[in-house]
Asks: 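Can you read through this structure? Questions will come right after.
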Amino acid sequence: MVCPALEEPGLDFSHHKAFRGPSVSMPSACDSHVHVFDPERFVYASGRAYTPARATCQDLAAFMHSIDTERVVLVQPSVYGTDNSCLVDALAHFGDAARGVAVVDPDNETDETIAVLGRAGVKALRVNFEAAPGTIRKSPADMLRSTAGRAVAHSMKVQLFLNLSDCARLRPLIEEIAVDVVLDHFAALNTRAGVGGDDFQALLQMIRDGNVWVKLSAPYRVAAETSGDDLRPFVEALVEANPDRLVWASDWPHTGGGRERATRDVNAIEPFREIDDGADLDRLFGWLGDAELYRKILVENAKTLFEF
């Protein structure tokens with residue numbers, strides 16, 4: 001794949017100061033969770049919790065080139081609410097190299113609107129309880145049930161960003177609904193509870209049963225150690241449970257940098273975190289210790305899940 005508009009001059013890549021690729025190249029690798037922020041063309045929602053800096057399709061193309069990924073899954077961020085215009089525009093920009101995860105109001109969105117999203121490349125509907133909890137007035141169970149109903153009708157998946165304790169309580173419902181459920185960011189697990197914790201054990205059973213997929217993404221969101229090495233036993237347990245239900249993602253452009261959001265004016269631009277994605281990939285490869293397993297997680301599983 002040739003990344004679109006990579007040669008465009010004058011782009012600001014200041015939020016990624018040191019592009020570095022992974023040591024092990026993996027042809028056709030997919031980054032299964034990224035965002036595009038383009039406020040000059042697509043205005044942020046008024047009820048957002050933060051204001052991210054600019055991270056356009058051109059920035060993303062450069063990032064993909066730097067870490068040697070050929071496919072990407074664009075995820076609707078909370079700052080755009082249920083207006084998926086920026087997402088659809090980005091999907092058109094990247095063409096067949098991209099798939100999408102949209103956010104809709106499952107009780108009020110029309111079937112035609114969801115069908116249009118599907119034709120644009122959207123393969124899943126997202127429910128985000130972590131970044132935008134105040135905007136969801138239904139319980140996790142009710143929201144999952146209603147979103148799953150819309151997803152099934154349009155041959156889509158459901159993607160959840162929900163802490164693992166709440167997710168574990170949803171296990172009976174997840175087993176009941178006839179839809180693939182994708183869990184963001186290591187299923188928002190709690191490393192301090194350990195691999196033997198009840199919630200993580202429930203996750204392992206769900207992944208053994210093939211009821212959920214887990215994104216090995218944004219380790220900085222769940223790791224207690226700065227190095228992220230405390231995640232290794234969790235990754236090893238997930239791989240042992242079912243390596244066919246794991247995908248990798250960067251979470252580019254890494255929102256949540258700077259001071260805590262609670263102390264920042266919502267209109268003030270929040271900087272992105274400075275993350276060495278090449279190092280994260282190298283660490284994952286070291287944990288897996290197997291090139292074929294690494295390929296499965298970066299290429300084959302993503303191809304299956306997001307229908308590339």
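Heavy-atom basis, side chains included; hydrogens, waters and symmetry copies ignored.
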Asks: Which atoms form the tightest heavy-atom contact between W252 and A55, and what is the distance?
Replies: CH2-CB, 3.7 Å
Asks: List in chain and number order the residues that pass side chain to side chain donor-acceptor pair (under 3.5 Å) with S46, two or more places apart in sequence or in another chain; answer none if no residue qualifies.
Replies: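 Per chain and number, S46 pairs via side chain to side chain donor-acceptor pair (under 3.5 Å) with no residue.
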Asks: Mind listing the closest non-hydrogen atom pair of L173 and A141 along with its distance?
Replies: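 Between these two residues, the closest heavy atoms are CD2-O, 3.4 Å.
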Asks: Can a donor-acceptor pair be found, under 3.5 Å and without considering hydrogens, that links the side chain of Q201 to the backbone of V195?
Replies: yes
Asks: Please report the shortest heavy-atom distance between P52 and V79, naming the atom on each side.
Replies: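 Distance-wise, the nearest heavy atoms are CD-CG1, 3.7 Å.
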Asks: With a 4.5 Å cut-off on side-chain heavy-atom distances among I, L, V, M, F, W and Y, is there a chain of contacts connecting L117 to V103?
Replies: no
Asks: Regarding H185 and S217, is there a side-chain donor-to-acceptor distance under 3.5 Å anywhere?
Replies: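 Yes, side-chain donor-acceptor contact under 3.5 Å.
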Asks: Within 45° of the axis and under 6.0 Å from the centre of the six-membered ring of F37, does NZ or CZ of R54 qualify?
Replies: no
Asks: Quick check against the 3.5 Å criterion: does N163 have a side-chain atom that pairs as donor or acceptor with the backbone of D166?
Replies: yes
Asks: What's in the same ILVMFWY side-chain cluster as V247, cut-off under 4.5 Å, chained through other members?
Replies: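 Direct or chained contacts put V247 with V73, V75, V101, V182, W213, L305, F306, F308.
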Asks: When you measure from the side chain of D276 to the backbone N and O of A279, does any donor-acceptor pair fall under 3.5 Å?
Replies: yes
Asks: Sequence neighbours excluded and cut-off under 3.5 Å, please list the side-chain donor-acceptor pairs for residues 236-243, or say none.
Replies:
from	atom 1	to	atom 2	distance (Å)
E236	OE2	R232	NE	2.9
N242	OD1	D244	N	3.1
N242	ND2	I207	O	2.9

Asks: Tell me if a side-chain donor or acceptor on T263 pairs with a main-chain N or O of E260 at a distance below 3.5 Å.
Replies: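 Indeed, once roles are kept as given, a pair shorter than 3.5 Å links the two residues.
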Asks: To the closest 0.5 Å, what do you measure between OG (S155) and CG (D180)?
Replies: 11.5 Å
Asks: If Ile, Leu, Val, Met, Phe, Trp and Tyr residues are connected whenever their side-chain heavy atoms lie under 4.5 Å apart, and connections chain through other members, are F272 and I269 in the same group?
Replies: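 No, F272 does not connect to I269 through the hydrophobic network.
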Asks: Sub-3.5 Å donor-acceptor pair from the side chain of K123 to the main-chain atoms of K157, do we have one?
Replies: no
Asks: Would you please say whether a donor-acceptor pair under 3.5 Å links the side chains of Y220 and D251?
Replies: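 Checked: Y220/D251 side chains pair up, N/O donor to acceptor below 3.5 Å.
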Asks: Using only atom types and a distance under 3.5 Å, with no angle test, would you say the side chain of D31 pairs donor to acceptor with the backbone of A249?
Replies: no
Asks: Measure across R295 and P27 and return the closest heavy-atom pair with its distance rounded to 0.1 Å.
Replies: NH1-O, 3.4 Å
Asks: Regarding R221 and T255, is there a side-chain donor-to-acceptor distance under 3.5 Å anywhere?
Replies: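 A donor-acceptor contact under 3.5 Å links the two side chains.
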Asks: Report yes or no: do D199 and S165 form a side-chain donor-acceptor pair below 3.5 Å?
Replies: yes
Asks: State which residues pass salt bridge (Lys or Arg N to Asp or Glu O under 4.0 Å) with D38; sequence neighbours excluded, sorted by chain then number.
Replies: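 Scan of D38 (salt bridge (Lys or Arg N to Asp or Glu O under 4.0 Å), adjacent residues dropped) gives R41.
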Asks: Who are the ring pair (Phe, Tyr, Trp, His ring centres under 6.0 Å) partners of F200, not counting sequence neighbours?
Replies: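 Result, ring pair (Phe, Tyr, Trp, His ring centres under 6.0 Å) vs F200: F234.
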Asks: Would a single hydrophobic cluster contain both L246 and F285, if residues Ile, Leu, Val, Met, Phe, Trp and Tyr are joined by side-chain heavy-atom contacts under 4.5 Å?
Replies: yes
Asks: Closer than 3.5 angstrom, by distance alone: can the side chain of Q76 be matched with the main-chain N or O of G81 as a donor-acceptor pair?
Replies: yes
Asks: Under a 4.5 Å side-chain heavy-atom rule over Ile, Leu, Val, Met, Phe, Trp and Tyr, are V152 and V181 clustered together?
Replies: yes
Asks: Can you confirm whether the side chains of R48 and N267 place a donor and an acceptor under 3.5 Å from each other?
Replies: yes
Asks: Should side-chain heavy atoms under 4.5 Å link Ile, Leu, Val, Met, Phe, Trp and Tyr, which residues sit in the same cluster as V266?
Replies: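 When side chains under 4.5 Å apart are linked, V266 ends up in no cluster with other residues.
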Asks: Within a radius of less than 6.0 Å around CG of D209, do more than 12 heavy atoms belonging to other residues, nucleotides or ligands occur?
Replies: yes
Asks: Is there a donor-acceptor contact under 3.5 Å linking the side chains of S250 and D277?
Replies: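 Note: S250 and D277 side chains miss the donor-acceptor criterion.
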Asks: Are the aromatic rings of Y44 and Y80 close, with centres under 6.0 Å apart?
Replies: yes
Asks: Within the side chain of E270, is there an N or O that forms a donor-acceptor pair under 3.5 Å with the backbone of G256?
Replies: yes
Asks: Do side-chain atoms of T113 reach the backbone of E109 as a donor and acceptor pair under 3.5 angstrom?
Replies: no
Asks: Determine the minimum heavy-atom distance between P253 and H35, stating which atoms define it.
Replies: CD-O, 3.6 Å
Asks: Flag the pair E292 and K296 as a salt bridge only when some basic side-chain nitrogen lies within less than 4.0 angstrom of an acidic carboxylate oxygen.
Replies: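 A salt bridge is absent here (no side-chain N lies under 4.0 Å from a carboxylate O).
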Asks: Is D96 salt-bridged to R71, cutoff N-O under 4.0 Å?
Replies: no
Asks: Could you tell me if Q58 and T56 have a donor-acceptor pair between their side chains, going purely by distance under 3.5 Å?
Replies: yes
Asks: Do T69 side-chain atoms and H65 backbone N/O form a donor-acceptor pair below 3.5 Å?
Replies: no
